[in-house]
Amino acid sequence: MRLRNVRGAREALAESRYVEAEPEAHRGAWRVVFGNENPIHMEIGMGKGKFLLELALLHPDINYIGVEMYASVLIRAVQKLDDMPEIPNLRFLNVPAEALEAMFAPGEVERIYLNFSDPWPKARHAKRRLTSPVFLKRYEGILREGGLLEFKTDNRDLFEYSLESVEAGGWTVLISTFDLHGDEELCRENVMTEYEQKFSGRGQAICKLVAFHGWDGSR
């Protein structure tokens, strides 16, 4: 899908208090950026930011970081915040997901969200999928032991691929459903993305999985 270029997007992001210009400099020290020891939750491929913004407002005791590689998309999230009071537990990174291990130390992130990621349907592009083995290894490099990966999609083929990928990678699947909105319990605290609202409004089923890698004594 071709994205429409937004003139001045990169310049506007550089001026935003929410966008970290040099995230590599904070590796291992994101607690200094946020000014607290609260857990870090991250959304990779955050789009226009609805999901992460709602979470940040609902849970001020959690620090949220949104990762979006396209400046013309991320600027829409930044613009939403222009007329709002400051949200201190929210930051954005205009970087590709491939770079995250250079920006976060092992165990620095507690939870990763992947929402309606690009399915890259052609087999030769499989390694670009955010639930491919190569990306799962990257997540292992920054998640704390037992940290969670949450994935939602309307694409059943991608979901089945993702289930196989996480299980083959040694992750433990805690939740797996092909119809999230048909499960009253799972929907109780579900925060919808823009795409989720759009697709579910058309009657399309939404798939979700939650998995962790490593051992966590609380489970």
Side-chain angles (χ1 to χ4, degrees), residues 1 39-59 62-68 73 77 90 97 100 109-121 125-140 142-216 218-219:
M1 180 179 67
I40 292 174
H41 290 191
M42 173 189 296
E43 183 183 11
I44 300 175
M46 57 166 280
K48 299 176 183 178
K50 175 186 179 297
F51 175 81
L52 212 62
L53 174 58
E54 287 192 32
L55 285 180
L57 292 173
L58 284 170
H59 306 287
I62 297 174
N63 297 323
Y64 291 95
I65 296 177
V67 177
E68 175 56 58
V73 176
L90 182 63
L100 291 175
V109 177
E110 183 176 272
R111 186 171 304 192
I112 290 175
Y113 300 100
L114 305 175
N115 292 314
F116 300 88
S117 309
D118 192 325
W120 293 103
H125 295 153
K127 65 181 181 181
R128 299 185 184 181
R129 298 169 189 162
L130 291 182
T131 52
S132 70
V134 66
F135 275 104
L136 292 175
K137 290 299 292 184
R138 291 183 176 121
Y139 307 150
E140 291 173 36
I142 64 175
L143 279 171
R144 72 164 174 80
E145 188 173 29
L148 297 179
L149 174 68
E150 298 196 16
F151 173 60
K152 289 194 288 188
T153 183
D154 67 305
N155 189 307
R156 189 178 179 110
D157 288 341
L158 177 62
F159 189 70
E160 291 176 343
Y161 166 87
S162 301
L163 277 173
E164 293 176 2
S165 187
V166 298
E167 290 174 347
W171 294 66
T172 299
V173 177
L174 298 175
I175 294 170
S176 173
T177 178
F178 288 96
D179 185 13
L180 171 61
H181 292 185
D183 189 313
E184 183 177 345
E185 182 66 26
L186 291 181
C187 276
R188 186 161 295 145
E189 296 184 359
N190 181 53
V191 173
M192 289 202 287
T193 73
E194 290 96 337
Y195 280 123
E196 188 172 355
Q197 287 183 326
K198 177 181 177 180
F199 295 142
S200 63
R202 295 174 179 172
Q204 293 176 240
I206 305 301
C207 307
K208 180 176 181 177
L209 72 83
V210 179
F212 75 91
H213 194 277
W215 179 83
D216 184 340
S218 67
R219 294 191 178 91

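Note: F116 and Y195 have tilted aromatic rings, judged against thresholds of 30 and 60 degrees for the angle between ring planes. Ring geometry, Y64 versus H59: the interplanar angle falls from 30° to 60°, so the pair is classed tilted. The aromatic rings of Y113 and F51 sit perpendicular to each other, their planes meeting at more than 60°, with 30° as the lower class boundary.
In this structure, CD on Q197 lies 4.5 Å from CE on M192, to the nearest 0.5 angstrom. If you take CG on L143 and CG on L100, they are separated by 10.5 Å, rounding to the nearest 0.5 Å. Distance check: F135 CZ to L114 CG gives 9.5 Å after rounding to the nearest 0.5 Å. A distance of 13.0 Å separates CD in E110 from CD in E145, rounded to the nearest 0.5 Å. Atom OH of Y139 sits about 7.5 Å away from atom OG1 of T131, to the nearest 0.5 Å. Distance CG/L148 to NE2/H213: 13.0 Å, rounded to 0.5 Å.
Inter-residue side-chain proximity for N115 and E43 is flagged as met; some heavy-atom pair is nearer than 4.5 Å. Here the side chains of L136 and L149 are in contact, with some heavy-atom distance below 4.5 Å. Residues M42 and I142 form a side-chain contact, since some pair of their non-hydrogen atoms from C-beta on lies under 4.5 Å apart.
Side-chain contact, N190 with K152: a donor N or O sits under 3.5 Å from an acceptor N or O.
Qualifying salt bridge (Lys or Arg N to Asp or Glu O under 4.0 Å) partners for E164, counting only residues two or more places apart in sequence or in other chains: none.
In this structure, R129 is positioned above the aromatic face of Y161, its NZ or CZ under 6.0 Å from the six-membered ring centre and within 45° of the axis.
In terms of heavy atoms, A77 sits closest to M46 at CB-CE, 3.6 Å. Looking at every heavy atom in both residues, L130 comes nearest to A97 through CD2-CB, 4.2 Å. Shortest non-hydrogen contact noted between I62 and P39 is CG2-O, 3.6 Å.
Under the 3.5 Å distance criterion, the side-chain polar atoms of S132 are left unmatched by any main-chain donor or acceptor of R128.
Residue pairs meeting the side-chain hydrogen bond (donor to acceptor under 3.5 Å, both in side chains) criterion with at least one partner in residues 176-186, sequence neighbours excluded, are H181-E196, E185-R188.
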Could you go through R156 and E160, starting from their C-alpha distance and side-chain angles, then the distance that decides it, and tell me whether this counts as salt bridge (Lys or Arg N to Asp or Glu O under 4.0 Å)?
CA-CA 6 Å; R156 189 178 179 110; E160 291 176 343; 3.3 Å; yes
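In K208, the NZ atom is crowded: over 12 heavy atoms of neighbouring residues, nucleotides or ligands sit closer than 6.0 Å.
A salt bridge between E54 and K50 is present, with a side-chain N of the basic residue lying under 4.0 Å from a carboxylate O of the acidic one.
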